[in-house]
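Below is one structure; the comments refer to it alone.
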Amino acid sequence: MVDHAPYAAGSAPEDALAAALPGKSGGTGDSGSTGDSAAPAPGAAAQTARPRRSAATRAAILAAARDRFAADGYERATIRAIARDAGIDPSMVMRYYGNKAGLFAAASEIEVHAPDLTHVPRDEAAARLVRHFLERWECDETLTAMMRVGVTNETGAERMRGVFAEQINPVLAAVCPVPEEARARAGLIASQILGMALCRYVLHLPPAVDLSHDEVVAWLAPTIQRYLTAERP
């Protein structure tokens, strides 16, 4: 039994967030009115609805873009196809993101929030890291979508490499006992964490999906701990 069922590929948690965003205040009624009797100022409903429609439209575009980039690759994916998948006019995509490069940059924006391991007991660092990434993967569909893009085309792969180098390498290097080996150790750690993510959230292999968080941590953490802190192989 898993702690959280992995998201299906192509889902868009941004839609739920967009739906919950409050609209911009459209003004108030007469200063002497109170309660339900206060009439909204002219145009208030339109002003309130506009930012909500904008957020929902952006969410739909980004979800469609991630799916299309994953399916067709960066070069073959088109603004027209992405707009069709999102159910909007292509001009709206251009309005929000300018061009395909701008759309890809927005769709592939990732923040992994890697934990600071320097304040974690040495023998607990790997378990903390594995559990963190399990939780991140299951609360942010962008990570799964970009992994799908990364394994199908070079542009996506380059984006994933950039995220790893900028956000994860420094965290791992800070606790590596042999500084000159930090990059090699980081690559080995990525092979374990990304390998599990690929099997669990992209390929949906039943044995990987069926494991609970505690079971994944119990299996992966000892190996990652060795990569992270052992003085030699």
Taking the cut-offs as 6.0 angstrom to the six-membered ring centre and 45 degrees off its axis, would you call Arg148 and Phe69 a cation-pi pair? no

Is there a side-chain contact between Glu111 and Asp140 (heavy atoms, below 4.5 Å)? no

Nearest atoms (heavy-atom pairs only) where Met160 meets Gly150: CG-CA, 4.5 Å

Nearest-0.5 Å distance that lies between atom CE in Met196 and atom OG in Ser191: 12.0 Å

Counting only heavy atoms not in Glu180, do more than 12 fall under 6.0 Å of its CD? yes

Are side-chain N/O atoms of Glu138 and Tyr201 paired as donor and acceptor at under 3.5 Å? yes

Under the criterion side chain to side chain contact (heavy atoms under 4.5 Å, CB included), I'd like the reasoning laid out for Val149 against Arg66: C-alpha separation, chi angles, the key distance, then a yes or no. CA-CA 7 Å; Val149 175; Arg66 292 178 190 123; 5.5 Å; no

Evaluate the side-chain proximity of Met147 to Trp137: yes if any heavy-atom separation is below 4.5 Å, no if none is. yes

Side-chain touch Tyr227/Gln192, heavy atoms, less than 4.5 angstrom: yes

Measure the OG1-CG distance between Thr57 and Asp89 for me, rounded to the nearest 0.5 Å. 11.5 Å

Is any side-chain heavy atom of Tyr97 closer than 4.5 Å to one of Leu62? yes

Just wondering, are more than 12 heavy atoms of other shown residues or ligands nearer than 6.0 Å to CZ in Arg95? no

Any sub-3.5 Å donor-acceptor pair from Gln225's side-chain atoms to Arg122's backbone N or O? yes

Apply side chain to side chain contact (heavy atoms under 4.5 Å, CB included) to the pair Val217 and Leu134, showing each step before the final yes or no. CA-CA 9 Å; Val217 171; Leu134 285 173; 4.3 Å; yes

Just so I know, are the side chains of Phe133 and Ile168 near enough to count as touching, which here means a heavy-atom distance under 4.5 Å? yes

So Asp85 and Asp67, do their side chains get closer than 4.5 Å, heavy atoms only? no

For the hydrophobic clusters of this structure (ILVMFWY residues joined by side-chain heavy atoms under 4.5 Å, transitively), does one cluster hold both Val209 and Trp219? no

Would you indicate whether Glu154, at its atom CD, is surrounded by more than 12 heavy atoms from other residues, nucleotides or ligands within a distance under 6.0 Å? yes

Are Asp210 and Glu215 close enough, and set up right, to give a side chain to side chain contact (heavy atoms under 4.5 Å, CB included), and what steps lead you there? CA-CA 10 Å; Asp210 292 343; Glu215 289 172 322; over 6 Å; no

Which atom of Ala165 lies closest to which atom of Pro170, heavy atoms considered: O-CD, 3.4 Å

Is the closest basic N to carboxylate O distance between Lys100 and Glu75 below 4.0 Å? no

Verify same cluster id: Val216, Leu205 (apolar side-chain graph, 4.5 Å): yes

Say you draw a straight line from CZ of Arg128 to CG of Asp123; how long is it, rounded to the nearest 0.5 Å? 11.5 Å

Write down the atom of Ala218, the atom of Pro222, and the distance for their closest heavy-atom approach. O-CD, 3.2 Å

Could you tell me the separation between the SG atom of Cys176 and the CG atom of Leu117, rounded to the nearest 0.5 Å? 12.0 Å

How many angstroms lie between atom CD1 of Ile88 and atom CD1 of Ile82, to the nearest 0.5 angstrom? 10.0 Å

Non-hydrogen atoms of Pro177 and Ala230 that approach each other most closely: CG-O, 3.8 Å

If you take all heavy atoms of Arg200 and His204, which pair is closest and at what distance? O-ND1, 3.5 Å

With a 4.5 Å limit on heavy-atom distance, are the side chains of Leu129 and Leu172 in contact? yes

Tell me which one of Thr229, Val175, Leu228, Val178 satisfies side-chain contact (heavy atoms from CB on, under 4.5 Å) with Arg185. Val178

Can you tell me how far CD1 of Ile79 sits from CG of Leu103, rounded to the nearest 0.5 angstrom? 5.0 Å

Validation row: Ile61, Arg58 side chains within 4.5 angstrom (heavy atoms): no

Distance-only polar pair, side chains of Ser212 and Asp214, donor-acceptor under 3.5 Å: no

Residue pair Ala190 / Phe164: nearest heavy atoms and the distance that separates them: CB-CE1, 3.4 Å

Between the side chain of His132 and the main-chain N/O of His113, is any donor-acceptor distance below 3.5 Å? yes

